[in-house]
Protein chains: 2
Amino acid sequence: MGHDRQDIHTSGIPVLCRSCEARHRGMCGVLDENELVTLARHTHKAHHAPGAELIGESVPTAAYANVMKGVVKLTKGLEDGRRQVVGLQFAPDFLGRLFGAHSAVAAEAASEVELCVVPRPALERMIAETPALEHRLMQQTLRELDEARDWMVTLGRKSAAEKLASFLLLVALHTDPEREEGAPIRFDLPLSRGDIADFLGLTIETVSRQFTALKTSGVIELTGLRTVEILSLDRLRARAG
Amino acid sequence: MGHDRQDIHTSGIPVLCRSCEARHRGMCGVLDENELVTLARHTHKAHHAPGAELIGESVPTAAYANVMKGVVKLTKGLEDGRRQVVGLQFAPDFLGRLFGAHSAVAAEAASEVELCVVPRPALERMIAETPALEHRLMQQTLRELDEARDWMVTLGRKSAAEKLASFLLLVALHTDPEREEGAPIRFDLPLSRGDIADFLGLTIETVSRQFTALKTSGVIELTGLRTVEILSLDRLRARAG
DNA sequence: CGTTTATTTGACGCGGTTCAATCAGTGTGG
DNA sequence: CCACACTGATTGAACCGCGTCAAATAAACG
């Protein structure tokens, strides 16, 4: 794990935080310089390869984290091996079940991931002392709840074709939030076919068939198994239900 | 709407709050006597019949509420009429999208419902002044997020039989949280077959068939269309996946 | 290269939807 | 009090979307 911390004695924004998205759009955005320095004394950067398990299902929460880079998938499993991906965390999303003894979900690196890890006591102390921080985390939690409920509609009421279209739109939005008008939309899928199936409540085979269906009808292009280009955003939206 | 408010000038717990579950297990549990009196000055009790729309989908949030009695269903709809129930709120759950301009879901009374309604500015003012209140609401929000993710597993990965068993367990737990060992479990369903179908991502017909399957195999008894008795909790659990 | 793993494609069957008819419960008016 | 309509639930039969099983292909890796 990255012990590349610098000495932080004087004021100024901590080195680790300089290029971190969480400082702008994430929870650290509500912290002033002093608070940032205080918190950064306890944090460290951690890098994980795809597939690495970050948090186990129903394991005591020892630390929280912010996603700095990459995508983390949150999953829940049934005893017999069936799995459901219940959320995707992009930078600068928060990781960990606040105030809970145990995590209700497992967290796994979907791509190469960089985390800013905060030990549980350090963050909870700062939350208790900084109402603005709890407020910010509340807003992020509410947004996650909205997203979860959106996805429940997809899982419960959409066809396989609509599910895949919805997924591609979701990833496209998170990957390239601000793109110039008319520019082609290209991105790498952060998930394997199997993970996508577990996210959509489908099988690998059905996901694959829907990919070829979208390809055949000229809505998307696949250059490499993981690289997608959206040829017609409108037609993709029309297929998302 | 119930204007049965008493004059509250001296200390003491407001009349409206005396028998309210929210004061014990809900958000009002963190308020002291003075705060309770202050908040109660702005609240009123509201009664709604089954089917009444409490909050429209993507309608500006004018007020929040606590469920005092009954069950409220949260739904999201697709343009073509498909609907998904994305949550059930029991007493003393909170109602309304905090800090959001619009509600992302519609809220509808599933049974006879009593609400304690708080105008938006009044509650947001008190939240800003009372960190403990925001903390409590945060915990309730986190629990709702856990429940939403649990249900995503049900929607995405379970069979129709498992879905209905999961639903019956969910309602049984919320209806009769503390029952004596070995007592028969009886309760009224707060939802019609159609609503259950929208909650489970199924059709009415499939829900009906699964009911008769559970009845035929002696796991449950149906006395009246809405009254359920669970004959074997263990066998029901085994069927919930 | 050969081996392994991920993805695609094909053939077939089943679970759940669809369409349609029947049944039960609830009013309503004669 | 009974016929009638109306709404919600159940039951039946046919269909089809997606899962299952199996094989082929393609990419990744030593």
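Each chain gets a letter, A, B and so on, in the order its sequence line appears, and its residues count up from 1.
Nucleotide D:dT11 holds its C1' atom 14 Å from the CD1 atom of B:Ile204, rounded to whole Å. One can place CZ of B:Phe211 at 7 Å from P of D:dT10, the figure rounded to the nearest angstrom. Atom CG in B:Leu225 sits about 11 Å away from atom P in C:dA24, given to the nearest Å. One atom, CG of B:Leu202, and another, C1' of C:dT17, lie 10 Å apart when rounded to the nearest Å. Remark: C1' of D:dT11 and NZ of B:Lys215 are 11 Å apart, rounded to the nearest angstrom. Taking atom CZ on A:Arg226 and atom P on D:dA28, their separation rounds to 10 Å, with Å as the unit. Atom pair A:Arg157:CZ and C:dT18:P shows a separation of 9 Å (rounding to whole Å applied). To the nearest angstrom, P of D:dT10 lies 10 Å from CG of B:Leu189.
Each of B:Arg209 and A:Glu205 has a nearest nucleotide on DNA chain C; the 5'-most of these lies closest to A:Glu205. Along DNA chain D, the nucleotide nearest to B:Leu191 and the one nearest to A:Val207 differ in position, and the one closer to the 5' end is contacted by B:Leu191.
A salt bridge does not link B:Arg209 with B:Glu205: none of the charged nitrogens is closer than 4.0 Å to a carboxylate oxygen. In summary, B:Arg82 and A:Glu162 engage in a salt bridge, as defined by a charged side-chain N under 4.0 Å from a carboxylate O. By the 4.0 Å N-to-carboxylate-O rule, B:Arg97 lies close enough to A:Asp146 to be salt-bridged with it.
A:Gly201 comes within 4.0 angstrom of the backbone, heavy atoms only, and of no base.
Under 4.0 angstrom from either OP1 or OP2 of D:dT10 there lies at least one side-chain N or O belonging to B:Ser208. Proximity of A:Thr206 to the phosphate of D:dC18: no side-chain N or O atom is located under 4.0 Å from OP1 or OP2. Checking the phosphate oxygens (OP1, OP2) of D:dT20, no side-chain nitrogen or oxygen of A:Thr203 falls inside 4.0 Å.
Using modelled atom types, no side-chain atom of B:Glu108 and backbone atom of B:Thr75 make a donor-acceptor pair closer than 3.5 Å. Between the side chain of A:Glu53 and the main chain of A:Ala106, no donor-acceptor pair closer than 3.5 Å is present.
Comparing atom distances between the A:Arg193 side chain and each of D:dT10, D:dC18, C:dT7 picks out C:dT7 as nearest. Closest to the side chain of B:Thr212, from the set D:dA9, D:dC18, D:dT11, is D:dT11.
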